[in-house]
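Below: the structure, in structure tokens.
Computed over heavy atoms, backbone and side chain alike; hydrogens, waters and symmetry mates excluded. Remember, it's a predicted structure, so these values are computed and weren't measured experimentally.
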Protein chains: 2
Amino acid sequence: MTTVLLPLTATSAACCIGDTCAPLTREPITPAGARDLSTLLKALADPMRLRLVSMIAAHEGGEACVCDLTEPLGLTQPTVSHHLKVLTDAGYLTRAKRGTWAYYTLVPGALDSVAALLRTV
Amino acid sequence: MTTVLLPLTATSAACCIGDTCAPLTREPITPAGARDLSTLLKALADPMRLRLVSMIAAHEGGEACVCDLTEPLGLTQPTVSHHLKVLTDAGYLTRAKRGTWAYYTLVPGALDSVAALLRTV
DNA sequence: TCGAAGCATAGACGCTCATCGATGTTTCGT
DNA sequence: ACGAAACATCGATGAGCGTCTATGCTTCGA
């Protein structure tokens with residue numbers, strides 16, 4: 001499955017006026033919304049995938065190929081490719097193939113979208 | 001295990017000046033930091049637990065007992081108690097027992113702390 | 001043209017986790 | 001004192017996931 005979930009818009013974020021939510025009794029998250037958000041969080045809820053995202057963002061040019069990421073993580077190449085696919089399918093990364101190399105880049109605003117969604121829960 | 005992980009401080013958040021990170025080549029997340037953040041995200045990366053957090057926050061008084069949450073979720077009481085323990089151990093909820101009832105409350109700023117950490121990845 | 005390099009995919013294995021039924025513990029009425 | 005109610009804990013089970021080895025596909029250089 002290669003469905004892209006991001007970007008998502010924080011639709012029900014107009015709850016907090018000052019620094020606190022005045023009426024705490026807004027409506028709870030919908031079951032479908034909870035399922036979608038949990039899918040996004042599951043993709044990030046792994047130590048190696050978090051390090052992958054961070055290493056790609058910290059790499060020069062904001063992109064990195066698989067060969068750059070395998071050795072510092074101590075994982076095999078298929079495992080790294082698997083994690084990169086999970087992150088790409090969730091919408092956090094994009095893949096650009098140049099020659100024999102596959103360069104992965106962080107999607108701008110992807111992490112911020114999830115962070116914004118977290119406050120709407 | 002009942003170790004409380006939250007609250008966490010976003011120590012390396014002084015990266016973005018305007019709306020974009022000027023040097024994208026900051027240092028990547030540490031392995032221990034990735035492990036801790038993944039633990040926090042794992043606790044939230046479940047549809048029922050997201051709905052629990054949302055339902056507790058939306059409930060009157062900002063608190064709810066187990067009996068309030070079992071029926072709308074369609075889960076058994078032991079399963080709901082299990083999820084509430086996971087969320088409490090992660091630092092998202094607090095437990096206050098009054099009589100035979102156990103009232104759960106959302107920890108203020110817990111979700112915002114994780115959201116802030118997400119942008120530091 | 002052919003071998004090598006980079007990467008993706010397939011299949012398998014072991015572990016974690018979500019959920020359940022059963023049971024123990026505590027507290028409140030009667 | 002005793003039964004009932006609310007909740008936590010325990011043990012089991014089935015599904016999902018992270019990781020590996022093996023293999024296939026694509027691209028480049030000799």
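Among C/dA18, D/dA8, C/dC7, the nucleotide with an atom closest to any side-chain atom of B/Pro78 is D/dA8. Each of C/dT19, D/dT19, C/dT27 was ranked by its minimum atom distance to the side chain of A/Thr79; first place goes to D/dT19. Of the candidates C/dA18, C/dA8, C/dT9, the closest approach to any side-chain atom of A/Lys85 belongs to C/dT9. The listed nucleotides are C/dT27, D/dA8, C/dC7; the one nearest the side chain of B/Ser81 is D/dA8. In this structure, the nucleotide among D/dT19, D/dC7, C/dC20 sitting nearest to the side chain of A/His82 is D/dT19. Here the nucleotide nearest the side chain of A/Thr76, chosen from C/dC20, D/dC7, D/dT21, is D/dT21.
Atom OH of B/Tyr103 and atom C1' of C/dT27 are 13 Å apart (whole Å). Following rounding to the nearest Å, B/Leu41 (CG) and C/dT16 (C1') show an atom-to-atom distance of 17 Å. Taking atom CZ of residue A/Arg98 and atom C1' of nucleotide C/dC7, one finds them 15 Å apart after rounding to whole Å. Regarding B/Lys42, its NZ atom lies at a distance of 10 Å from the P atom of D/dC17, rounded to whole Å. In this structure, A/Met48 atom CE and C/dC15 atom P are separated by 17 Å, rounded to whole Å. Distance, A/Lys97 NZ to C/dA8 P: 8 Å, rounded to whole Å. One interatomic measurement links the two molecules: CD of A/Gln77 to C1' of D/dA22, which rounds to 12 Å at whole-angstrom precision. Put simply, CG on B/Asp46 is 13 Å from C1' on D/dA15, counting in whole angstrom units.
Nearer to the 5' terminus of DNA chain C, by closest-nucleotide assignment, is the contact made by A/Trp101 (compared with the other of B/Thr100 and A/Trp101).
Side-chain atoms of A/Ser113 come within 3.5 Å of backbone N or O of A/Gly109 as a donor-acceptor pair. Put simply, the side chain of A/Thr79 never gets that close to the backbone of A/Leu75: no donor and acceptor are under 3.5 Å apart. Put simply, the side chain of A/Thr120 gets close to the backbone of A/Leu117: a donor and an acceptor are under 3.5 Å apart. Remark: the backbone N or O of B/Ala34 is not paired with any side-chain donor or acceptor of A/Arg51 at under 3.5 angstrom. Between the side chain of B/Ser54 and the backbone N or O of A/Ile29 there is at least one donor-acceptor pair closer than 3.5 Å.
Looking at heavy-atom distances under 4.0 Å, B/Arg95 makes contact with sugar-phosphate atoms alone, never a base. Here A/His83 lies in heavy-atom contact (under 4.0 Å) with sugar-phosphate atoms only. A/Tyr104 comes within 4.0 angstrom of the backbone, heavy atoms only, and of no base.
Comparing the local axis fitted to the first five base pairs of the helix from C/dT1-D/dA30 to C/dT30-D/dA1 with the one fitted to its last five gives a bend of 10°, rounded to 10°.
Among residues at least two apart or in separate chains, side chain to side chain donor-acceptor pair (under 3.5 Å) pairs with a member in residues 95-106 of chain B are B/Glu63-B/Arg98.
A/Val86 belongs to no multi-residue hydrophobic cluster, having no ILVMFWY side-chain contact under 4.5 Å with any other such residue.
B/Leu111 is listed as a side-chain neighbour of B/Val53, based on a closest heavy-atom distance under 4.5 Å.
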